[in-house]
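The structure appears below as structure tokens.
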Amino acid sequence: MLKNLVLSVMSAAGCAYAVFGISSFSLPTVLAQSTGCNSYWVNPSTEEEECLDWLISSHASQVAEKQQKELSGSVKVFEGRNGDKAYIPLNSIRKFNRYGQNRVHFSLTTFFEHMKVGGAVKDNVIFDADCNSYSMRVDSHYTYDPNNGIVDGMTYGTTWNSQYQTTAPSPLLTVQPGTKGYAAWEYVCEPKSNI
């Protein structure tokens, strides 16, 4: 009789252990669903569930921020060793092939990996490339803060009234291989660029 009682208690304990074991696997899922948490982990030191949604959303916002820097309708022509990335908006490219000229007017936008002096996070330069020589004239150069406000800028050879205007002639740049300017010049001037 005592033997049967011991076996019954052991059997009941085994069932309770089995039931507890099953419920311990399903309990976190139920708790996570009831709190609206999509991703969680059980902290081994406290044995409590901790929601990880904030971590995922933080990572997602960082990815979204980086993706916002990728201009739609643009082609990346250069990435510097410091992480700066330069893009040419495809709708900014205008070719001029009359009277022996082989020029391309285009815009080059660079996103800085690290904020520059004055809070600048990007710049935009409008060039007039001479495809018969390795040179480009600067029509305008502006830097912008994170709110797209102008930090600094200059438009050359203009007669319209603006605090950023100048009647000085456009600077002429000679582009060198391996530079951002050369990469942009090559993209707009080379026949293989399919512009």
Side-chain angles (χ1 to χ4, degrees), residues 39 52-97 101-158 160 162-195:
S39 299
L52 297 177
D53 284 355
W54 66 272
L55 181 62
I56 292 169
S57 65
S58 172
H59 176 69
S61 68
Q62 289 173 355
V63 169
E65 184 180 330
K66 287 214 178 268
Q67 287 173 344
Q68 286 174 356
K69 290 184 177 181
E70 306 287 330
L71 293 176
S72 61
S74 299
V75 63
K76 181 168 68 171
V77 293
F78 185 80
E79 184 166 353
R81 288 179 291 193
N82 61 354
D84 294 356
K85 294 178 183 149
Y87 298 85
I88 296 176
L90 297 176
N91 64 0
S92 75
I93 300 171
R94 303 282 184 268
K95 290 193 169 211
F96 302 94
N97 291 321
Q101 294 181 348
N102 187 9
R103 296 183 306 113
V104 181
H105 190 77
F106 69 98
S107 176
L108 181 66
T109 302
T110 303
F111 290 97
F112 307 136
E113 182 67 16
H114 305 289
M115 189 177 286
K116 304 294 184 192
V117 175
V121 295
K122 73 174 181 178
D123 74 1
N124 186 61
V125 184
I126 297 177
F127 287 108
D128 190 38
D130 182 350
C131 296
N132 294 329
S133 67
Y134 292 97
S135 65
M136 301 189 298
R137 288 201 180 278
V138 178
D139 286 348
S140 67
H141 180 215
Y142 288 84
T143 56
Y144 299 87
D145 64 18
N147 297 320
N148 218 27
I150 296 173
V151 173
D152 191 18
M154 190 61 63
T155 299
Y156 297 94
T158 62
W160 53 277
S162 163
Q163 71 183 63
Y164 301 107
Q165 78 173 0
T166 178
T167 54
S170 299
L172 180 65
L173 306 176
T174 302
V175 296
Q176 300 294 322
T179 64
K180 176 173 64 173
Y182 184 85
W185 180 93
E186 187 176 41
Y187 183 83
V188 299
C189 287
E190 292 298 315
K192 68 180 182 304
S193 63
N194 296 322
I195 300 171

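Thr155 contributes atom OG1, which lies 8.5 Å from atom CG of Asp139 (distance to the nearest 0.5 angstrom). Atom CG of Leu108 and atom OG of Ser74 lie 10.0 Å apart (nearest 0.5 Å). In this structure, Met154 CE and His141 NE2 are separated by 11.0 Å, a value rounded to the nearest 0.5 Å. Within the model, atoms CD of Glu190 and SG of Cys131 stand 8.0 Å from one another, a figure rounded to the nearest 0.5 Å. Of the inter-residue distances, the one linking Ser107 atom OG with Ile93 atom CD1 reads 9.5 Å to the nearest 0.5 angstrom. Taking CG from Asn124 and OG from Ser140, the interatomic distance works out to 6.5 Å, rounded to the nearest 0.5 Å.
Residue Tyr142 comes nearest to Gly153 through the heavy atom pair CD2-CA, 3.5 Å, listed as atom of the first residue, atom of the second, then distance. Between Val117 and Val151, the shortest heavy-atom contact is O-CG1, 4.4 Å. Considering all non-hydrogen atoms of both residues, Ala120 and Thr143 come closest at CB-CB, 4.0 Å. Pairing each heavy atom of Met115 with each of Pro146, the nearest pair is CE-CG, 4.0 Å. Nearest heavy-atom pair across Phe106 and Ala129 is CE2-CB, 3.9 Å.
Side-chain N/O atoms of Thr110 and Asp84 include no donor and acceptor closer than 3.5 Å.
Residues satisfying the salt bridge (charged side-chain N to carboxylate O under 4.0 Å, His left out) test with Arg103, not counting sequence neighbours, are Asp128. Under the salt bridge (charged side-chain N to carboxylate O under 4.0 Å, His left out) criterion, Asp123 pairs with no residue at all, not counting sequence neighbours. Not a single side chain to side chain donor-acceptor pair (under 3.5 Å) links Asn91 to another residue, sequence neighbours left out.
Looking at Trp185, its side chain never comes within 3.5 Å of a backbone N or O of Lys180 through a donor-acceptor pair. Between the side chain of Asp145 and the backbone N or O of Asn147, at least one donor-acceptor pair lies under 3.5 Å.
Note: Tyr134 and Tyr182 have parallel aromatic rings, judged against thresholds of 30 and 60 degrees for the angle between ring planes.
Counting heavy atoms from C-beta on, the side chains of His105 and Ile126 come closer than 4.5 Å.
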TODO: Kindly determine whether Met136 and Asp130 satisfy side-chain contact (heavy atoms from CB on, under 4.5 Å), including the steps that lead there.
DONE: CA-CA 6 Å; Met136 301 189 298; Asp130 182 350; over 6 Å; no
- [ ] List the steps and the verdict of side-chain contact (heavy atoms from CB on, under 4.5 Å) for Phe111 and Tyr87.
- [x] CA-CA 8 Å; Phe111 290 97; Tyr87 298 85; 3.8 Å; yes
Task: Stepwise side-chain contact (heavy atoms from CB on, under 4.5 Å) test for Phe127 and Val138 - done: CA-CA 5 Å; Phe127 287 108; Val138 178; 3.7 Å; yes
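Cation-pi contact between Lys122 and Tyr144: present, with separation from the ring centre below 6.0 Å and deviation from the ring axis of at most 45°.
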